[in-house]
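We use all heavy atoms of the structure for the numbers below, so side chains are in, but hydrogens, waters and symmetry mates are not. Naming convention: chains lettered A, B, ... in sequence-line order (proteins, then strands); numbering from 1 in each chain.
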Amino acid sequence: MFTLVVMQYWLIKSEPDAYSIDDLASDKVEPWDGIRNYQARNFMRDTMRVGDKVLFYHSQVKPPAVVGLAEVASEPYPDPTAFDPNEKYYDPKSDPANPRWILVDMRYVAHLAEPVTLPQIKDDPKFDGMMLRQRGARLSIQPVDKKHYDRVVKLGGL
DNA sequence: GCCAACGTTGGC
DNA sequence: GCCAACGTTGGC
């Protein structure tokens, strides 16, 4: 008896000054903490599965770009940084008995041979419909269609 | 650094 | 539950 699990695809944003693909490459596995947006949390809590494929995107740099690949590496669990007053992302309203912020671990997979930049994505009709192209799409964790994921991997030289 | 687009907060 | 004020994101 097989259980068919459909592979899901995601894009996660990070400011490389704060946490870059190189950081993930050296850490290997990293709790994706500090997410304080409910929609993004819900994706991690409710929808992500271990093994889901992830595009790693650098924001706040010129040009913004997908720079690598990662994968979901854990089941969801409470974000410990929400409970620590010394943490930047401390949230006194997150009760350990009923945690507000939930995360998953991310595992490094690869650097793209060539970054795939936001302008490339905007100019390529094959990326039509991708959430990243929507104006004001600030969501730091986004679902991605397989076809768009595959296109990034191809343009990225992998 | 600017600022448009969003998301959240809190008074009412 | 509305909505103005405020804070943040993130491309440019």
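A donor-acceptor contact under 3.5 angstrom links the side chains of A:Arg36 and A:Thr81, judged on distance only. Side-chain atoms of A:Tyr77 and A:Asp105 include a donor-acceptor pair closer than 3.5 Å.
Distance A:Leu11 CG to C:dT9 P: 16 Å, rounded to the nearest Å. The distance between atom NZ of A:Lys93 and atom P of B:dG7, rounded to the nearest whole Å, is 17 Å. Regarding A:Asp91, its CG atom lies at a distance of 13 Å from the P atom of C:dT8, rounded to whole Å. A:Asp17 has its CG atom 14 Å from the P atom of C:dT9, to the nearest Å. Taking atom CD on A:Gln39 and atom C1' on C:dT9, their separation rounds to 14 Å, with Å as the unit. Atom pair A:Leu139:CG and C:dT9:C1' shows a separation of 11 Å (rounding to whole Å applied). Distance, A:Lys122 NZ to C:dG10 P: 13 Å, rounded to whole Å.
Using a 4.0 Å cut-off between charged nitrogen and carboxylate oxygen, A:Glu71 and A:Lys53 do not count as a salt-bridge pair. With respect to A:Asp150 and A:Lys146, a salt bridge is recorded, a charged nitrogen being found less than 4.0 Å from a carboxylate O. A:Asp79 has no carboxylate O lying under 4.0 Å from a charged side-chain N of A:Arg100, or vice versa, which leaves the two without a salt bridge.
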Show me the protein contacts with nucleotides 2-6 of chain B, counting only N or O atoms at under 3.5 Å.
unit_1 : atom_1 : unit_2   : atom_2 : d
B:dA5  : OP1    : A:Arg135 : NH1    : 2.4
B:dA5  : N3     : A:Arg138 : NH1    : 3.4
B:dC6  : OP1    : A:Arg135 : O      : 2.8
B:dC6  : O2     : A:Arg138 : NH1    : 2.9
B:dC6  : O2     : A:Arg138 : NH2    : 2.7

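Nearer to the 5' terminus of DNA chain B, by closest-nucleotide assignment, is the contact made by A:Lys62 (compared with the other of A:Lys62 and A:Arg36). The nearest heavy atom of DNA chain C to A:Pro119 and to A:Tyr89 marks one nucleotide each, and the one closer to the 5' end goes with A:Tyr89.
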Does the side chain to side chain contact (heavy atoms under 4.5 Å, CB included) test come out yes or no for A:Val54 and A:Leu11, once each step is laid out? CA-CA 5 Å; A:Val54 177; A:Leu11 178 145; over 6 Å; no

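Candidate nucleotides B:dT9, C:dG10, C:dC12 were compared by shortest atom distance to the side chain of A:Ser59, and C:dG10 ranks first.
In this model, the phosphate group of C:dT9 is not approached by any side-chain N or O of A:Lys13 to a distance below 4.0 Å at OP1 or OP2.
Annotation: salt bridge (charged side-chain N to carboxylate O under 4.0 Å, His left out) contacts of A:Asp145 (sequence neighbours excluded): none.
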